[in-house]
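Report on the structure given below.
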Amino acid sequence: MTGQSFLQITLYVVVLIALAKPLGAYMARIYQDEPAGLNSWLAGFENCLYRWSGVDAKQDMRWTQYALASLVFNLLGLLVVYALQRWQAFLPLNPQKLPAISPDSAFNTAVSFASNTNWQGYSGEVTMSYLTQMLGLTVQNFVSAASGMAVLVALTRSFIRRNSNGIGNFWVDMTRSTLYILLPLSLVLAVVLVGQGVVQNFKPYQTVTLTEAVSYEQAKLDADGKAVTDAAGKPVTETIKTQEQTLALGPAASQVAIKQLGTNGGGFFNVNSAHPFENPTPLSNFLEMLAILLIPAALCYTFGVMIGDTRQGWVILAAMTLIFTALVFVAVPAEQSGNPALTALNVDQIASDKQAGGNMEGKETRFGIANSALWAVATTAASNGSVNAMHDSFTPIGGLVPMFLMQLGEVIYGGVGSGLYGMIVFAIVAVFLAGLMIGRTPEYLGKKIEAFEMKMAAIIILVPPLVVLGGTALALILDVGKVSVFNPGTHGFSEVLYAFSSAGNNNGSAFGGLSANVPFYNLMLGLAMLFSRYWLMIPVLALAGSLANKKIVPVGLGTLPTHTPLFAVLLIVTVIMVGALTFVPALALGPIVEHLQMTQHTQVQP
Amino acid sequence: MQSMSIALFFTDQEAMQMDISYLFITALFFVGTALLIKACEKLRGQS
């Protein structure tokens, strides 16, 4: 690892932590309905929104009402996105005259954006009209993120309340998250990104003349538009020479801003943040990367402020940051060290003033090793899923890190709201384990942890592994699943495991390589996203309902302190142990075997 | 997939069936999730 890489990573972490406190304090004021500037100026507009939509902002919802409101809202969003995709050929803002999306892909995308996963089986610029991108996908980027934040706020509130049946009002929490947090931050970031060169227009795609002709291979099609195959059944390709290129345009900056801030990740263009119109400069790269983790990190401080003990928030943030930093320092050196098989062939992979060195396959030369690997870790630590390099081309260990981060349950910062509520569940498990070990009554923030809370925590922790491992197993058993794998062997296994880890933890990034835009994967991954989002959200809200109803137990001699470095270590051990025990056997069949094969200079055989 | 481009306008039988299938799966999931809410509430009442 180079000194420059070390400096860039250090700068990133320092700026992130420095911004967590002011933003976290601002968000706490918003949720506690205290004057914070924007909420004073826009209070009239907020009240108008409630009046127009018939919402009683003063209603304190039971957890079941809160959950049903959230479910109905998400279902309606899903249906709107589905309909927009199916009708886009007949709707305005479609200068490329793009046809309707197929039902399976429309289902997958609608679920993906409503559940804040933003897995993309399609190529944005050749599939989605501007209207679908804006009214369907960008709107869901806001409201799906706001839904996650609302659930977190409800859970946080449950620690403060005593003997209460209510956990807050879903519509108010969601409106405030959108109006005062996501919209202003996105507006500022979008304007800065436009300044950096990210496109924002409604123009049709432009065809430009290249300075020199380019040749490329593409599949040969017959008169019916079907791929021509040879006697062995392999596709026949033909060489195309062209001197023209079509440049995709559109309202990208506004979507890119919220895709990062809302931990959504769905790219406007197919190659996501590796596209120069989405991420043109080193500064845009830094800001977009910062935006990925900004709100999830700041919410830890918000949590601390709201429960009246900021030390609790700092401990959780410290645990997240330690795991994140440790894994960055696994991924970056793995990528910087390159491929030993290429070294054996005398390929120069040493970093110098002329090249980034290391494993540059699938990476932008603009970003190099450090910024590509750091992005990969950040995007999978948060449930973001945007990419600026192709994870399929990472070294086995470099690819293992993003996969493992997703498999930890997207709690290392995690999604906006969802990451922290997942981590709070791990904190509850940690105090329960500590209670078992030392004979103390499990308590967390003054609330007794009893059988019901542990049952809910068990559901929350068990659903994602069930979805990920069960889905991967099914895909690899069925022919319809195996036919999409073009890299049979350990790497092909990693591609399928990554896809289900991504969908089954609401991340949305793709390893690549797997042909996932087919009915089988669109359905299976769609179901994975649905279960991992809503079958976690419901138990979290049930947990909130139960905790709000309990009295607050005063701190005593038998109380385990949860604001100490010792508790941060306990929390880290709990998260890592649960993740490792569940997923290391599967990882051993994919990236670990591939790493051993690579280090022995053996070719990975199909 | 061009033949499915006019689905939801109920002029393409195959596309219409696929639309209904996916909407049915979605409805089934959300009904199941509503039942999960009920089950969690029942469990809370028992403890």
Side-chain angles (χ1 to χ4, degrees), chain A residues 62-68 70-72 74-76 78-79 82-83 85-90 98-108 110-111 114 127 225 450-456 459 463 517 519 522-523 526-527 529-531 533-535 537-543 545-546 549, chain B:
Chain A
R62 282 172 50 79
W63 83 266
T64 47
Q65 292 172 306
Y66 203 102
L68 274 175
S70 161
L71 264 192
V72 169
N74 279 269
L75 173 63
L76 288 176
L78 192 159
L79 294 176
Y82 186 86
Q85 292 176 87
R86 300 292 288 130
W87 288 336
Q88 72 172 13
F90 306 98
L98 295 168
I101 318 294
S102 66
D104 58 298
S105 180
F107 166 76
N108 183 285
V111 169
T127 314
E450 295 171 298
F452 178 76
E453 287 75 36
M454 288 316 297
K455 283 174 190 165
M456 294 301 106
I459 295 175
V463 167
N517 194 14
N522 278 332
L523 177 63
L527 290 174
M529 291 184 265
L530 281 173
F531 277 105
R533 176 71 168 181
Y534 301 107
W535 282 48
M537 196 184 261
I538 299 305
V540 167
L541 287 171
L543 194 63
S546 172
N549 201 242
Chain B
M1 291 296 167
Q2 194 59 37
S3 64
M4 293 165 190
S5 63
I6 44 177
L8 286 186
F9 282 101
F10 306 105
T11 49
D12 182 321
Q13 196 68 24
E14 187 195 353
M16 191 181 77
Q17 283 173 359
M18 288 183 73
D19 280 325
I20 291 171
S21 303
Y22 285 110
L23 294 175
F24 178 73
I25 290 167
T26 306
L28 203 62
F29 173 80
F30 277 89
V31 169
T33 308
L35 290 175
L36 177 68
I37 295 176
K38 208 174 167 184
C40 288
E41 181 65 348
K42 196 176 170 188
L43 207 59
R44 194 160 81 95
Q46 287 169 357
S47 48

- Task: Look up atom CG in A:Leu527 and atom CG in B:Leu28, then write down how far apart they are to the nearest 0.5 Å.
- Result: 9.5 Å
- The reported gap from CG in A:Leu71 to CG in B:Leu36 (rounded to nearest 0.5 angstrom) is 9.0 Å
- Shortest non-hydrogen pair, A:Trp535 vs B:Thr33, comes out as NE1-OG1, 3.0 Å
- Are any non-hydrogen side-chain atoms of A:Tyr82 and B:Leu23 less than 4.5 angstrom apart? yes
- Item | Aromatic plane relationship, A:Phe531 with B:Phe29 - under 30° parallel, 30 to 60° tilted, over 60° perpendicular | perpendicular
- Partner residues of B:Tyr22 under the ring pair (Phe, Tyr, Trp, His ring centres under 6.0 Å) criterion, sequence neighbours left out: A:Phe107
- For B:Cys40 against A:Ala542, the heavy-atom pair lying closest together: CB-CB, 4.0 Å
- Task: Please flag which part of A:Met537 lies under 4.5 Å from any non-hydrogen atom of chain B: side chain, backbone, both or neither.
- Result: neither
- Which pair of non-hydrogen atoms, one from B:Ile37 and one from A:Trp63, has the smallest distance, and what is that distance? O-CH2, 3.5 Å
- Message: With heavy-atom distances below 4.5 Å as the criterion, would you say the side chains of B:Phe30 and A:Leu78 are in contact?
- Response: yes
- Identify which part of A:Ile538 has an atom lying under 4.5 Å from any heavy atom of chain B, answering side chain, backbone, both or neither. side chain
- Item | Contacting region of A:Leu541 [heavy-atom separation from chain B under 4.5 Å] | neither
- List for me each residue that meets salt bridge (charged side-chain N to carboxylate O under 4.0 Å, His left out) alongside B:Glu41, sequence neighbours excluded, and say none if there are none. A:Arg62, B:Arg44
